[in-house]
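Within every chain, numbering begins at 1; the chains are lettered A, B, ... in the order of the sequence lines, protein sequences first and strands thereafter. Only a predicted model underlies this, so the values are computations on that prediction, with no experimental measurement involved.
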Number of protein chains: 2
Amino acid sequence: MRSYDQFCGVARALDLVGDRWTLLIVRELLITDGARYTDLQNGLPGIATNLLAERLRQLEENGIVTREAAPPPIATTLFRLTARGRELRPVIKALGMWGRPLLDDIPKGTAFRSHWLALPLESLLTDHAPERPPVTIAVHTGDQPITVSVDGEVRVRTGVPPGPDATITGTPDLVVGLFTGEVDLKTAASRGLKFHGDINALRRVQPAAS
Amino acid sequence: MRSYDQFCGVARALDLVGDRWTLLIVRELLITDGARYTDLQNGLPGIATNLLAERLRQLEENGIVTREAAPPPIATTLFRLTARGRELRPVIKALGMWGRPLLDDIPKGTAFRSHWLALPLESLLTDHAPERPPVTIAVHTGDQPITVSVDGEVRVRTGVPPGPDATITGTPDLVVGLFTGEVDLKTAASRGLKFHGDINALRRVQPAAS
DNA sequence: CGGCATCCTCTTTGATACTG
DNA sequence: CAGTATCAAAGAGGATGCCG
């Protein structure tokens, strides 16, 4: 990208990460640090392969991403964020918070990957009862199940936990609305969301009112 | 801009503000809310006029900017951020903080406008002695003088105050380094920066160590 | 398969000139 | 002052090919 040539931190930041797709690549790497090229392609539906390759090259040049040849067992390259790259988390978080209301009406044909829920859920949710034993919530939505685990902090990972305290199944907008408390369980259920298990697991992490 | 079509707050935010120049326009409006078209052109050196016009149209459509015909005395249009637009401040702030280290080596030919210092200084500085009487620091750098006023909070405005407690004159990189404390006064002076007045006015707002 | 490079088309940006 | 009009150059999107 052409530089803005301005003595301003915002402009200089955008010189490095202001290109189309660049911040979404950073998003992907914040979620799954150590991603393969094809993982990135899958997490970035719509990106042209030459663009992904070029952006990764630029990010590497600028010290935001490293590429490492994975050790012998795996015959692949892993892309990771550098420490400097991980410092972009507040930027991604701020953008995600600002964009949150925009998820309320979504045109159809919009792509979804369940791991995209990781960053917003970790930003929005907190454990209000850190002294209590850990709980896990299984979430079935999108391409693969994810697990919200609560033990003092809230972590989101892919996969299903062994014995989840609660299980949520439904469309991503209802899942987000339910977690944030913007949609109550009854309303969500009437729109097709299924909830099983301990409702207190959910209440424990919701932001403000229930 | 073409939408990313992803159910993700970051992607949806970038659908609205990810275009080239867009976030810099928001930066300008965060600094001088109520700007004329030509003010924006001046604050965005390098932007093509058709792009500025188009971006303003898009921002207006998306509820981020309003355009108001100023009342009779002035025969001009003023552009302002909406409430929703002002909510982008954390995004701009996060980008600016991340970009701060990039200001340490700046290619020559880089444009500078002194009002660009407003956001970073207000983000980085705090009043450590809010109980003491207000002080003002005049800063002469770039195209016009600015004033850092300290009275419980730190505010930056354009223009010179009547009787400043301190006056700083020098290149923008030295001014920033001095305020953040990354460069001490001796070093800054040896590189051409001039400081007059009460050194305590400066110490009162510097982030951590002196 | 994973990780690209090439080629072609289409869109966006940049620079400049001109206007109510 | 606040834009519109025009045109060349750069960038993005999409398909396909290549190589270990």
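For the side-chain hydrogen bond (donor to acceptor under 3.5 Å, both in side chains) with B:Ser114, the qualifying choice from B:Asp143, B:Thr158, B:Thr141 is B:Asp143, the only one to do so. Each of B:Thr77, B:Asn42, B:Thr49 was checked for a side-chain hydrogen bond (donor to acceptor under 3.5 Å, both in side chains) with B:Tyr37, and the lone residue meeting it is B:Thr49.
Out of C:dC4, D:dG14, C:dT13, the shortest distance to the side chain of B:Arg55 is found at C:dT13. With C:dG14, D:dC1, C:dT13 as the candidates, the nucleotide lying closest to the side chain of B:Thr38 is D:dC1.
Atom CD of A:Gln58 sits about 9.0 Å away from atom CG of A:Leu51, to the nearest 0.5 Å.
Relative to the ring axis of A:Trp98, B:Arg84 places its NZ or CZ within 45° and under 6.0 Å from the centre.
OP1 and OP2 of D:dG11 both lie 4.0 Å or more from every side-chain N or O belonging to A:Trp21. One finds no side-chain N or O of A:Thr49 lying less than 4.0 angstrom from the OP1 or OP2 phosphate oxygen of D:dG14.
Ring geometry for A:Trp21 versus B:Tyr4: interplanar angle over 60°, hence perpendicular rather than tilted (30 to 60°).
The end-to-end axis angle of the helix from C:dC1-D:dG20 to C:dG20-D:dC1, rounded to 10 degrees and based on five pairs per end, is 30°.
Between B:Leu185 and B:Leu178 there is a side-chain heavy-atom pair separated by less than 4.5 Å.
Judged by closest nucleotide on DNA chain D, B:Arg57 is the one of B:Arg57 and A:Arg2 placed further toward the 5' end. Comparing A:Gly46 and A:Met1, the nucleotide of DNA chain D nearest to each residue sits closer to the 5' end for A:Met1.
For A:Asn50 against D:dG14, a side-chain N or O and a base N or O form a donor-acceptor pair under 3.5 Å.
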